[in-house]
Structure formats: C-alpha cells, structure tokens
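Heads up, the thing below is written out as structure tokens.
Along the sequence shown, residues are numbered consecutively beginning with 1. Ligands are counted one by one from 1 in listed order, and the atoms in each one are counted from 1 as well.
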Amino acid sequence: MSVKVAMLGCGTVGGQVVRLLTEQSGDLAARIGDDVELTGVAVRRPNRHPDVPAHLITTDAAALVESDVDVVVEVIGGIEPARALLVQALRAGKSVVTANKALLAEHAAELFAAAESSGADLYFEAAVAGAIPLLRPLRESLAGDRITRVMGIVNGTTNYILSEMDSSGAGYAETLDEASRLGYAEADPTADVDGYDAASKAAILASIAFHTRVTAAQVYREGISSVTPADVAAARALGRTIKLLAICERVDSEGAEAVAVRVHPAMIPRTHPLAGVGGAFNAVFVEADAAGSLMFYGQGAGGAPTASAVLGDLVAVARNRVVGGRGPGESSYAALPVRPISRVDTRYHISLDVADRAGVLSSVASVFAEHDVSIAAVRQQGRTDDASLVIVTHSAPDEALRSTVDKIAGLPVVHDVVSVMRVEGEEQ
Ligand SMILES: NC(=O)c1ccc[n+]([C@@H]2O[C@H](COP(=O)([O-])OP(=O)(O)OC[C@H]3O[C@@H](n4cnc5c(N)ncnc54)[C@H](O)[C@@H]3O)[C@@H](O)[C@H]2O)c1
Ligand SMILES: N[C@@H](CCO)C(=O)O
Ligand code: NA
C-alpha cells in the first residue's frame, strides 16, 4: 500500500512540488508511515515539462482525479476548472491540498461541504502567505483562543514593488516585470497590483480567525496601482513608508459585534516591524485575547517556499489517511456580519498644496470640524506663492474622512490634493 497522489498543474509551484516529492521521498515516507506515490501530473502543454517522467504526464485532469488516487494536489490556480475538479475529488473521498486562494475565497462553502459529505480533508496552507505556517496555527493552535485582529503584508509581488519604489526609486512597470520573472506574480499580475490576491487571502484569514464565512467580494480592496511617487515622498517626509496591508478585525463599536476586512495601501512608521519587511517577504500579526500578539514572518511567494507549504499539507493529509482521522473542517458557527469600510474607523494622511495666506489653515480645519474628524498633527511649509499642508487625522469613520477630503479638494484655497492615504501604526 502507498498513498497515491495526483497533481493538477505543474508551473512555478507544481514544478517545485514534484522536485521536493522526488528528492525527499524516503524522509516523507518515514514521516507519514507509508510511501507516497505520484501517480500522475495533469498539465496543459505536455512538452513543457522535461523534468517530469513522461509516463506521469496527462492532459486529462478529470480522468486523473477519477483514477485510483488518495490525494489531489491542485496548483493550477483560478476558478475553473480547479473548482469542478476539486469538488469532484472531495465528493469521491479524496483529500485535497491546494494553493488556490482565489478559489478558497469564493467557493469555500461548496468545497468544505463536498469534503464534509465524504469525510475527506481540505488543506490550503500555501494559499496564504506562502511558506509561512499561518492557517494551521489559526485553525488548530489558536482554536482555543479568541482572535481579535489579523493584520499584515500578504502579497509578495506588491511588497517587492513598494520596497523597490521606496529604496531605489525604481519604476513601477520594470519592478513588476522582475517580480513576474522571479515567480512571485500571479499568471495575471493585475490580481496582485489591484489587490485581488491580497483580498482573497484576507477573506480566508478572516473566515478562519472569526469563525465566519467571508468571501473576497466582501473585502474592501484597493491595490497599489494608484500609489504615486508623490505618495512615496510624502510618506518619507513623515518618517513613514507605504505597505499594502490586509486588515481583518472584530469591531463592536455600534453595540453589535461584526467583522471588518480591508486591503489597501497604508503609511506606517519606519520604526514599525512591518516597515522592515522587504522584497517578496510577508509578515502577519495576530492578536488574540489570551495569547496576546503573535507575529508570523517568512517568504510569502516563490516556487520552493510555496511548495514547502504544499508538502507540509500533503504530509498531514497522508498521515490522516494512514492513521485514520481528519483535519478540521469549516468553522463558520459565529456567522458575524461583515461591516462595510464606510463604517469602519480609519485614519488618514492628507497632503495639500494650498495658497500661502492668512486664514487657510482655519478654513481647512473647519471642514474637519464639520465632519467631526479630529486632527492629530498638522505641518505647514510656506513657499513663494504656494504652501504645503500635511495633516494626519485621529480615527474616524472612513466615510467621514472621505467626505472631508472631497470637500477640502473643492476649497478655493486648495490648489492640489497631492496625496491621500490611510495611516496605520501609532499616532504621530
Ligand atoms: N507562485 C507563487 O509564488 C504562489 C504562491 C502561493 C500560491 N500560489 C498559487 O499556486 C497556484 C499555482 O501558481 P503558479 O505560480 O505555480 O502558477 P503557474 O501559472 O506557474 O502554474 C500553473 C500551471 O497550471 C497549468 N494549467 C492551467 N490550466 C490547466 C489545466 N486545465 N489542467 C492542467 N494544468 C493546467 C498551467 O499551464 C501552468 O503550468 C495558484 O493558485 C497561485 O495563486 C502561487
Ligand atoms: N502572487 C502572490 C503569490 C503568493 O500567494 C504574491 O505575490 O504574494
Ligand atoms: Na502559508
């Protein structure tokens, strides 16, 4: 007897999974208590995989899933055909290991129901923060605690681009090309730069952390394509840097508990631990009532790091088959409502070019007062006929902050709104 494994897809991640499975077969067998046998690899273009033994290659993924296998590893990506193939596998009692965050963030309910119907395992550690053990700590190690907040950098491509823009002033397009070449970016990199990838990961994190079903469509999302050199310079002048953050939090300010999940660029202090997270690295803070603050850090993208997480899951589901038993299923009993960002408290940095004359500051400040937004810090610098005004607010509902910016932009004394961005981290 051996644990028979079918692999769907063999690109950046899949190629590394095959390599590690082959190189470490002896150790994996010892850890699992049985041999692991790769019985087939479904690909789209068979002649592109010289490193995979030819007899394993097939273009018929459905037939491979149907065949006599115990575990299906999916590293194709995207919704279809991955969704249909995995539902087919799970209903037939085959355990599934997937790196597919887009699929999990949209169809988790269907996948978990299929797994439940047959008692199969569904593991997806590679789907969030690559190599970093994060989902299993949340699903298992912290299952006895009450998580209040999960915040971090969960997209390697955008972190690589923002780090380069900040340190070397490199251009956006050239850095994105390099991230694709290094195997960090999604097949369609707009998923990275427009924040869809991070939003999928945030949905998965929030679902697990708060025992509530959250889909990608419920996550407020802004990407980094609108981050300008002026924003980078404004952040630098404030002793801050810009990171694309995923923030999942319990909110109960309106008397009823809810969750808020958002992905957007934010200015954080250069002294903040997340500011030092460079390149394609990811870092995630988890706050829980009893555990306090925890930080998870490591390689969030790339073939080998992601394959490490896939292999870890493969060992876990194979062990379950050998010794009997199952990993955790979906936990969505809390069913908390998801609060829109308009009603979530955030803080803004606003950088303005204004006329340099008496009364400007008070006319700008009165707009803040009108919207009940309190100002944490103001810096004004005069020039010849122009002045710059930099304002950082205290927390206020996001819709109040937006309305404030809209109204300020229309004031005759305001020549230009140079940079508007949310800030996270301690007050200035
Ligand atoms: N690259 C990373 O750093 C990384 C990290 C974490 C998670 N992931 C996830 O892992 C998955 C795979 O990512 P990747 O970077 O390896 O992508 P990739 O584009 O390099 O590989 C996907 C492979 O699947 C093949 N494929 C497409 N349709 C197929 C089909 N119908 N049948 C069989 N094969 C098919 C493609 O030809 C390609 O070789 C995605 O879900 C991605 O989000 C990637
Ligand atoms: N494209 C993703 C891969 C890891 O999930 C990233 O850049 O983070
Ligand atoms: Na992970």
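Heavy-atom proximity to Ala301, at under 4.0 Å, picks out these atoms of ligand 1: 3 (O). Residue Lys101 has at least one heavy-atom neighbour below 4.0 Å for each of these atoms of ligand 2: 2 (C), 3 (C), 4 (C), 5 (O). Heavy-atom proximity to Gly9, at under 4.0 Å, picks out these atoms of ligand 1: 24 (O), 34 (N). Within ligand 2, the atoms closer than 4.0 Å to a non-hydrogen atom of Glu186 are 1 (N), 2 (C), 3 (C), numbered from 1 in the order shown. Heavy-atom contacts of Gly11 reach the following atoms of ligand 1: 16 (O), 20 (O), 21 (O), 23 (C), 39 (O) (cutoff under 4.0 Å). Below 4.0 Å from some heavy atom of Lys201 lie the following atoms of ligand 2, by number and element: 2 (C), 4 (C), 5 (O), 6 (C), 8 (O). Counting the atoms of ligand 1 from 1 in the order shown, those under 4.0 Å from a heavy atom of Gly302 are 2 (C), 3 (O). Close approach of ligand 1 to Ala42 is summarised as follows: ligand atoms under 4.0 Å from at least one heavy atom of the residue are 33 (C), 34 (N). Short contacts between ligand 2 and Tyr184, defined as distances under 4.0 Å to a heavy atom of the residue, involve ligand atoms 1 (N), 2 (C), 3 (C), 6 (C), 7 (O). Within the listing of ligand 2, atoms 1 (N), 2 (C), 6 (C), 7 (O) sit less than 4.0 angstrom from a heavy atom of Asp192.
Ionic pairing of Lys201 and Asp197 is present here: one or more N-O contacts between side-chain nitrogen and carboxylate oxygen are shorter than 4.0 angstrom. Look at Glu74 and Arg83 and you find no salt bridge, because none of the NZ, NE, NH1 or NH2 atoms lies under 4.0 Å from a carboxylate O. Salt bridge absent: Glu399 and Arg402 never bring a charged side-chain N and a carboxylate O closer than 4.0 Å. Ionic pairing of Glu125 and Arg139 is not present here: no N-O contact between side-chain nitrogen and carboxylate oxygen is shorter than 4.0 angstrom. A salt bridge does not link Lys243 with Glu424: none of the charged nitrogens is closer than 4.0 Å to a carboxylate oxygen. The residues Glu222 and Arg422 are annotated as salt-bridged, a charged nitrogen and a carboxylate oxygen being separated by less than 4.0 angstrom. A salt bridge links Asp166 to Arg270: at least one charged side-chain nitrogen sits closer than 4.0 Å to a carboxylate oxygen.
Residue contact annotation: Gly300 places no N/O/S atom under 3.0 Å from the Na ion (ligand 3). Within the 3.0 Å limit, Val128 places at least one N, O or S atom next to the Na ion (ligand 3).
Considering only non-hydrogen atoms, atom 6 (C) of ligand 2 lies nearest to Asn155 out of Asn155, Leu244, Asn282. Which of Thr306, Thr98, Leu8, Val13 comes nearest to atom 14 (P) of ligand 1 through a heavy atom is settled by distance: it is Val13.
Geometrically, ligand 1 and Ala187 share no nitrogen or oxygen pair separated by less than 3.5 Å. Checking only distances, His49 never comes within under 3.5 Å of ligand 1, N or O to N or O. For a threshold of 3.5 Å applied to N or O pairs, the pair formed by Gly183 and ligand 1 contains at least one separation below that value. The shortest N/O to N/O separation between Lys101 and ligand 1 falls below 3.5 Å. Backbone and side-chain nitrogen or oxygen atoms of Thr12 are examined, and one is located within less than 3.5 angstrom of a nitrogen or oxygen of ligand 1.
Among protein heavy atoms, atom 4 (C) of ligand 2 sits closest to Gly300 O, 3.2 Å. Nearest non-hydrogen protein atom to atom 8 (O) of ligand 2 is Gly156 N, 2.7 Å. Atom 26 (N) of ligand 1 has Ile76 CG2, 3.8 Å as its closest protein atom, hydrogens excluded (heavy atom only). Atom 7 (O) of ligand 2 has Thr157 OG1, 2.6 Å as its closest protein atom, hydrogens excluded (heavy atom only).
In this structure, the side chain of Arg321 does not engage the main chain of Val3 through any donor-acceptor pair within 3.5 Å. Remark: side-chain polar atoms of Asp192 are paired, donor with acceptor, to backbone N or O of Glu186 under 3.5 angstrom.
Here Ala126 has backbone heavy atoms under 4.0 Å from ligand 1, and that is the only part of it that gets that close. In Glu186, the part holding a heavy atom less than 4.0 Å from any atom of ligand 1 is the side chain. For Ala99, heavy-atom contacts with ligand 1 shorter than 4.0 Å involve the backbone as well as the side chain.
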I'd like to know whether Glu287 forms a salt bridge (Lys or Arg N to Asp or Glu O under 4.0 Å) with Arg250, so could you lay out the CA-CA distance, the side-chain angles of the two residues, the decisive distance to 0.1 Å, and finally the verdict.
CA-CA 11 Å; Glu287 286 167 28; Arg250 282 184 196 265; over 6 Å; no
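Counting non-hydrogen atoms of neighbouring residues, nucleotides and ligands closer than 6.0 angstrom, the CZ atom of Arg146 exceeds 12 such neighbours.
When distances from atom 17 (O) of ligand 1 to the protein are checked, no heavy atom turns up under 4.0 Å.
The angle Glu125:OE2 - the Na ion (ligand 3) - Gly130:O amounts to 140°, with values rounded to 10 degrees.
Not a single heavy atom of Gly130 lies less than 4.0 angstrom from ligand 1.
Pairing each heavy atom of Phe281 with each of Asn159, the nearest pair is O-ND2, 3.5 Å.
One finds the OG1 atom of Thr98 at 6.0 Å from the CG atom of Leu103 (value rounded to the nearest 0.5 Å).
Geometrically, Arg221 engages Tyr196 in a cation-pi contact defined by less than 6.0 Å to the ring centre and at most 45° from the axis.
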